[in-house]
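Input: a single structure, listed below in structure tokens.
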Amino acid sequence: MSDIHAGLATPQATLGILMVKTHFRRYLGDIGNPGTWPFPVRYRVVEESIPQRMGHLDQHDLLEPFKRAAQALIDEGVDGLTTSCGFLSYYS
């Protein structure tokens, strides 16, 4: 049985995580704490994405910085992408 069918993470896989620019402690278990993951992760903070701007549906100017950050992580070789902020669902 392959690792995928066993539900196991592939050791060489790297997750890319897009981060909102925040300044609070990320405890173990939080998506923004690299110790949470039993596999490699790469982070990219989107400088324009301050919390005060994230909850407004009319902030379409944030889409491009997130797209650039996602592409940078892809170019670095990540195998999957996610984000630390549910407000990005506005852009899906």
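Basis for what follows: all heavy atoms, side chains included, without hydrogens, waters or symmetry-related copies. In this text, all values refer to a predicted model and were calculated from it rather than measured experimentally.
Around atom CZ of Arg26, more than 12 heavy atoms belonging to other residues, nucleotides or ligands sit under 6.0 Å away.
By the 4.5 Å heavy-atom criterion applied to side chains, Thr36 and Leu28 are counted as neighbours. With a 4.5 Å cut-off on side-chain heavy atoms, Leu73 and Tyr43 do not count as touching.
Taking all atoms of both residues into account, the shortest heavy-atom contact from Ile17 to Ile31 is CD1-O, 3.6 Å. Taking each heavy atom of Thr14 and Arg42 in turn, the nearest pair found is CG2-CG, 3.7 Å. Between Val20 and Ser84, the closest heavy-atom pair is N-OG, 3.5 Å.
Residue pairs meeting the salt bridge (charged side-chain N to carboxylate O under 4.0 Å, His left out) criterion with at least one partner in residues 65-74, sequence neighbours excluded, are Glu48-Arg68, Glu64-Lys67.
To the nearest 0.5 angstrom, Met19 atom CE is 11.5 Å from Glu47 atom CD.
In this structure Asp79 satisfies the salt bridge (Lys or Arg N to Asp or Glu O under 4.0 Å) test with no other residue, sequence neighbours excluded.
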